[in-house]
J.: 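Mind having a look at this structure? Questions to follow.
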Amino acid sequence: MSADAVAPAPKPAPPPKLNPVRVPIAEEPVNARTGDFREVLHAYSKEDAILEAKRCIQCRRPWCVEACPITQDCREYIRLVASGDFDGAARVTLRENPLATCLCKVCYHYCEDACVVKKKGVPIAIRHLKRASLEYGNSELAYVPSKPKNQRVAVVGAGPAGLMMAWELGVRGYSVTVFEQERRYGGLMQTIPAYRMTDADVETDRKRFRNLDVTFVDGTKVGREFPFDKLIREDGYQAVFISIGTPSHRSLGVSGENLPGVLPALDFLKNVNRGVSVKVGKEVVVIGGGDVAMDSVRTALRESHGGRVTLVYRRSRQEMPADPEEVHGAEHEGIRFQFLKAPLRIAGTEKVEGLVVQAMELGPPDAGGRRTPVPVPGSEETIVCDTVIVAVGQKADLTGFGPELELKLTSQGWPEGKGKGFETAVPGIFAAGGRSVVYAMGAAMDAANAIDAYLSAKRGETAPARPDPLGTPANFHLPAGYTAPIRV
Ligand SMILES: Cc1cc2nc3c(=O)[nH]c(=O)nc-3n(C[C@H](O)[C@H](O)[C@H](O)COP(=O)(O)OP(=O)(O)OC[C@H]3O[C@@H](n4cnc5c(N)ncnc54)[C@H](O)[C@@H]3O)c2cc1C
Ligand code: SF4
Ligand code: SF4
């Protein structure tokens with residue numbers, strides 16, 4: 001080659017090969033698990049976690065992060081797990097995720113739905129790798145508050161949204177008081193059965209708040225006896241976040257609903273979790289097609305000690321909103337499914353004796369895109385049963401939260417402020433929640449930015465950058481290649 005000849009450009013590296021096959025996640029065998037509430041899904045071993053993490057091709061554009069409502073940098077913790085650095089992975093996990101111990105077990109993993117590997121096979125087990133990071137890395141961390149701001153915020157409701165808000169504002173140096181009507185924290189997560197997660201998981205996460213200026217007040221229902229506007233007028237709070245979620249159950253509105261043997265799903269699940277005796281017979285019918293119905297059928301199976309459990313749903317399997325992982329679990333455990341059947345009334349005189357249903361066929365799609373069930377005339381039948389569990393949705397209890405807030409009720413029932421950052425019509429009062437744990441947290445994250453801006457303005461400042469909750473001088477930043485949030 002002559003002295004001034006140009007060397008040929010190196011060939012671009014071939015794109016990494018996708019391995020479409022997931023390292024299996026071990027499950028407790030069906031015959032062993034349905035007699036009690038032992039955990040169904042097992043954690044990966046360290047070795048399996050590393051193998052699974054190595055399937056990730058570390059996309060330049062992190063689709064997985066964009067699909068996560070709290071922008072958890074899962075691409076980065078996966079990279080660290082693949083290199084065997086579990087402590088590093090735990091730090092990355094906890095940096096953006098104050099409920100990581102809960103979410104590594106129950107998140108509906110929107111990240112996995114967006115993962116590119118899904119185009120060729122099974123997506124990376126992002127949620128299970130989060131769990132591995134906490135199982136094998138140092139997860140005994142405590143969050144570090146920024147310089148005190150000397151401003152107080154009240155949070156009403158200690159579900160995922162309220163806990164996220166307490167963390168977001170606590171690490172920014174605000175003084176936060178969380179009022180909760182129950183004696184336990186976690187909101188609807190308290191109703192999730194112990195074979196998936198427990199109250200202890202909530203407490204593990206909450207323990208990392210210990211150095212923040214966050215006070216938890218349980219057994220206090222804000223509303224009528226304890227008016228929420230008093231928090232600002234008399235108690236010295238400068239902002240309020242209403243995250244009261246949907247603690248009440250919706251009823252069916254059919255006759256026989258007050259008979260002994262009819263149980264609202266939320267009460268049923270909460271009582272079982274708390275060890276309160278719940279009478280479940282040997283022929284149980286659960287009505288509904290969502291995640292609460294799935295948790296109810298599987299819990300009823302365990303509580304019925306050898307009984308038979310049937311799910312009745314008015315649409316077809318394709319329209320069922322429940323998480324496919326939970327439907328698979330229920331099917332695997334022998335739950336009977338009766339699709340395209342709608343309840344007409346609950347039969348019985350002294351107690352439940354049966355559920356009278358009518359067959360349905362699917363008509364045109366409704367506003368939400370799901371096909372509407374249409375009754376088939378003359379198709380009534382009775383499903384003989386001794387217990388009916390009603391899992392047809394939840395609603396908010398707005399007692400004491402007046403019209404001046406102009407709260408909007410979402411289609412799934414939780415109240416929200418209509419303004420930017422979920423501000424209500426009353427300045428300084430914000431309200432939000434969400435359709436899943438991580439969506440509720442994502443909404444609280446947006447509201448926290450708005451509250452920070454509101455309170456900073458009161459101090460005559462602009463809101464500083466979101467700090468690193470683990471106390472390093474670095475501020476929060478989005479991962480390289482991030483473009484925009486994807487809603488899955
Ligand atoms: C059985 C079941 C299983 C589920 N499984 C999953 C799952 O696997 N994965 C997932 O991501 N999501 C799941 N969800 C949904 C998830 O739990 C909710 O989307 C999430 O909890 C909503 O959070 P939130 O903070 O908006 O409201 P909530 O969780 O409803 O919390 C609101 C809190 O406010 C309190 N409160 C209400 N009114 C007052 C008042 N006036 N004063 C003081 N406190 C008040 C309530 O007691 C409660 O603690 C499940 C829900 C149920 C019911
Ligand atoms: S929090 Fe949920 S959506 Fe976000 S990365 Fe973890 S598993 Fe995925
Ligand atoms: S989208 Fe999937 S493959 Fe790409 S970085 Fe995220 S987890 Fe890895």
Side-chain angles (χ1 to χ4, degrees), residues 16 18 53 55-75 77-79 93 96-97 99-100 102-118 123-124 126-130 156-165 178-182 184-193 196-197 217-218 220-224 226 228 242-249 265-266 269-270 290-296 299 323 325-326 391 394 396-401 412-414 432-444 488:
L18 288 182
R55 288 207 304 135
C56 167
I57 58 166
Q58 292 288 306
C59 304
R60 250 190 245 165
R61 177 178 168 190
W63 305 88
C64 46
V65 185
E66 292 175 358
C68 173
I70 55 168
T71 58
Q72 167 95 78
D73 193 353
C74 42
R75 181 182 63 181
Y77 74 62
I78 296 170
R79 188 185 70 76
T93 295
E96 286 121 24
N97 193 341
L99 298 181
C102 302
L103 281 176
C104 75
K105 296 183 177 173
V106 302
C107 187
Y108 294 139
H109 47 70
Y110 307 100
C111 48
E112 294 179 20
D113 292 334
C115 171
V116 287
V117 180
K118 195 174 175 188
I124 308 300
I126 303 174
R127 189 185 80 196
H128 279 268
L129 292 175
K130 192 194 308 297
V156 186
L163 292 172
M164 181 74 171
M165 178 59 77
V178 184
F179 297 95
E180 170 55 52
Q181 64 181 5
E182 299 273 350
R184 301 175 196 215
Y185 303 106
L188 288 181
M189 288 195 294
Q190 288 174 48
T191 58
I192 298 181
R196 298 209 286 130
M197 70 163 274
V217 181
D218 67 10
T220 303
K221 182 172 163 83
V222 176
R224 200 175 285 143
F226 184 98
F228 82 94
I242 300 170
S243 47
I244 55 175
T246 51
S248 313
H249 66 269
L266 282 191
L269 293 169
K270 206 189 291 178
D291 294 304
V292 183
M294 288 310 128
D295 283 341
S296 300
T299 299
D323 184 43
E325 191 176 295
E326 296 309 312
Q394 293 84 244
D397 173 1
L398 291 176
T399 313
F401 297 93
Q412 286 170 37
W414 70 86
R435 64 180 155 105
S436 66
V437 174
V438 75
Y439 263 100
M441 292 167 70
V488 181

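Note that ligands are numbered from 1 as they come in the structure, with each ligand's atoms numbered from 1 the same way. Start at 1 with the first residue, then count along the sequence. Reckoned from all heavy atoms, side chains included, excluding hydrogens, waters and symmetry mates.
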J.: Evaluate A432 for polar contact with ligand 1, using N/O atom pairs at a separation under 3.5 Å.
T.: no
J.: Looking only at atom types and distance, does a side-chain atom of T220 sit under 3.5 Å from a main-chain N or O of D218, one as donor and one as acceptor?
T.: yes
J.: What I want to know is whether G434 and ligand 1 share at least one N or O pair that is separated by under 3.5 angstrom.
T.: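 Min N/O separation from ligand 1 is below 3.5 Å for G434.
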J.: So which heavy atom in the protein is nearest atom 44 (N) of ligand 1, and how far is it from that ligand atom?
T.: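 Checked against all protein heavy atoms, atom 44 (N) of ligand 1 sits closest to Q181 N, 3.2 Å.
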J.: Numbering the atoms of ligand 1 from 1, which are under 4.0 Å from a heavy atom of G187?
T.: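 Counting from 1, the qualifying ligand atoms are 29 (O), 31 (O), 48 (C), 49 (O).
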J.: Show me which atoms of ligand 1 lie under 4.0 Å from any heavy atom of L269.
T.: 1 (C)
J.: Considering only heavy atoms of C107, which atoms of ligand 2 have at least one such atom less than 4.0 Å away?
T.: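 Per the distance check, 1 (S), 2 (Fe), 3 (S), 7 (S).
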J.: Please work out which of S248, S436, G433, A396 has its closest non-hydrogen atom nearest to atom 26 (O) of ligand 1.
T.: G433
J.: What about V222: any of its N or O atoms under 3.5 Å from an N or O on ligand 1?
T.: yes
J.: By number and element, which atoms of ligand 1 are closer than 4.0 Å to a non-hydrogen atom of E182?
T.: 47 (O)
J.: For D291, is the nearest heavy atom under 4.0 Å from an atom of ligand 1?
T.: no
J.: Provide the protein N, O or S atoms situated under 2.8 Å from atom 6 (Fe) of ligand 3; waters are not included.
T.: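 For atom 6 (Fe) of ligand 3, the protein N, O and S atoms that sit under 2.8 Å away are C64 SG.
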J.: For atom 2 (C) of ligand 1, what's the nearest protein heavy atom and its distance?
T.: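 The closest one turns out to be T191 OG1, 3.6 Å.
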J.: For ligand 1, which part of L163 has a heavy atom less than 4.0 Å away: the side chain, the backbone, both, or neither?
T.: neither
J.: Give yes if a backbone or side-chain nitrogen or oxygen of V106 is under 3.5 Å from a nitrogen or oxygen of ligand 1, and no if not.
T.: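 Between V106 and ligand 1 (N or O atoms, distance only) the closest approach is under 3.5 Å.
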J.: Mind running side-chain contact (heavy atoms from CB on, under 4.5 Å) on Q394 and V292 for me, showing each step along the way?
T.: CA-CA 10 Å; Q394 293 84 244; V292 183; 3.6 Å; yes
J.: Hey, does V437 come in under 3.5 Å of ligand 1, counting only N/O atoms on both sides?
T.: yes
J.: Carefully, step by step, assess E66 and R75 under the rule salt bridge (charged side-chain N to carboxylate O under 4.0 Å, His left out).
T.: CA-CA 10 Å; E66 292 175 358; R75 181 182 63 181; over 6 Å; no
J.: How many angstroms lie between CD in E180 and CD1 in I244, if you round to the nearest 0.5 Å?
T.: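 Result: 11.0 Å between the selected atoms.
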J.: Only heavy atoms of Y110, strictly under 4.0 Å: list the atoms of ligand 2 that pass.
T.: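 Going through ligand 2 atom by atom, the ones under 4.0 Å from Y110 are 3 (S).
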J.: In the protein, what heavy atom is nearest to atom 4 (Fe) of ligand 2, and what distance, to one decimal place, separates them?
T.: C68 SG, 2.4 Å
J.: For F179 and F226: C-alpha separation, side-chain torsions, deciding distance, then whether ring-ring contact (aromatic ring centres under 6.0 Å, His included) applies.
T.: CA-CA 11 Å; F179 297 95; F226 184 98; 5.4 Å; yes
J.: Which atoms of ligand 1 sit under 4.0 Å from any heavy atom of F179?
T.: 43 (C), 44 (N)
J.: Return the closest protein heavy atom for atom 27 (O) of ligand 1 as residue, atom name and distance.
T.: G245 CA, 3.4 Å
J.: What atoms of ligand 1 come within less than 4.0 Å of a heavy atom belonging to G157?
T.: 33 (C), 34 (O), 35 (C), 44 (N)
J.: So, the side chain of E96 versus the backbone of I70: is there a donor-acceptor pair under 3.5 Å, distance only?
T.: no
J.: List the closest protein heavy-atom neighbour of atom 6 (Fe) of ligand 2: residue, atom name, distance to the nearest 0.1 Å.
T.: K130 NZ, 2.3 Å
J.: Could an N or O of ligand 1 be found under 3.5 Å from any N or O of A161, whether backbone or side chain?
T.: yes
J.: Check whether any heavy atom of T399 sits under 4.0 Å from an atom of ligand 1.
T.: no
J.: Atom 23 (O) of ligand 1: which protein heavy atom is closest, and how many Å away?
T.: P160 CD, 3.3 Å
J.: Using a 3.5 Å cut-off on N or O atoms only, is Y108 in polar contact with ligand 1?
T.: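 Yes - when backbone and side-chain N and O of Y108 are compared with those of ligand 1, one distance drops under 3.5 Å.
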J.: Specify the protein heavy atom at minimum distance from atom 31 (O) of ligand 1: its residue, its atom name, and the distance to 0.1 Å.
T.: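 I find the closest protein heavy atom is G159 CA, 3.4 Å.
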J.: Could you tell me if any non-hydrogen atom of R196 lies under 4.0 Å from any atom of ligand 1?
T.: yes
J.: Under a 4.0 angstrom heavy-atom cut-off, which atoms of ligand 1 come close to T246?
T.: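 Taking each heavy atom of T246 in turn, ligand 1 has 30 (O) under 4.0 Å.
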J.: Run the numbers for me: atoms of ligand 1, each under 4.0 Å from some heavy atom of S243, listed by number.
T.: 32 (C), 33 (C), 34 (O)
J.: Does the Y77 side chain pair with the main chain of I126, one donor and one acceptor, at a distance under 3.5 Å?
T.: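 Yes, the answer is positive, given that a donor and an acceptor are paired below the 3.5 Å cut-off.
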J.: I would like to know whether E326 and R196 meet salt bridge (charged side-chain N to carboxylate O under 4.0 Å, His left out); could you show each step before the answer?
T.: CA-CA 10 Å; E326 296 309 312; R196 298 209 286 130; 3.6 Å; yes
J.: For ligand 1, is there an atom lying under 4.0 Å from some heavy atom of W414?
T.: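 Under 4.0 Å: no for W414.
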J.: Please state which protein non-hydrogen atom is closest to atom 29 (O) of ligand 1 and give its distance, to 0.1 Å?
T.: L188 N, 2.9 Å
J.: What protein heavy atom sits nearest atom 49 (O) of ligand 1, and how far away is it?
T.: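 Minimum-distance protein heavy atom for atom 49 (O) of ligand 1 reads E180 OE1, 2.6 Å.
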J.: Is there a polar contact, in the sense of an N or O pair closer than 3.5 Å, between D397 and ligand 1?
T.: no
J.: Do the side chain of D291 and the main chain of D323 share a donor and acceptor less than 3.5 angstrom apart?
T.: yes
J.: Counting only N and O atoms by type, is there a donor-acceptor contact under 3.5 Å from the side chain of Q181 to the main-chain atoms of G157?
T.: no
J.: Start with the C-alpha gap between L269 and S296, add the side-chain angles, then the distance that decides, and say whether side-chain contact (heavy atoms from CB on, under 4.5 Å) holds.
T.: CA-CA 7 Å; L269 293 169; S296 300; 3.9 Å; yes
J.: Out of all atoms in ligand 1, which are within 4.0 Å of some heavy atom of R435? Include the element for each.
T.: 19 (O)
J.: Out of curiosity, is D323 lining ligand 1, as in a heavy atom under 4.0 Å away?
T.: no
J.: Only heavy atoms count here, so choose which of I244, I192, D295 is nearest to atom 32 (C) of ligand 1.
T.: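 Of the listed residues, I244 has the closest heavy atom.
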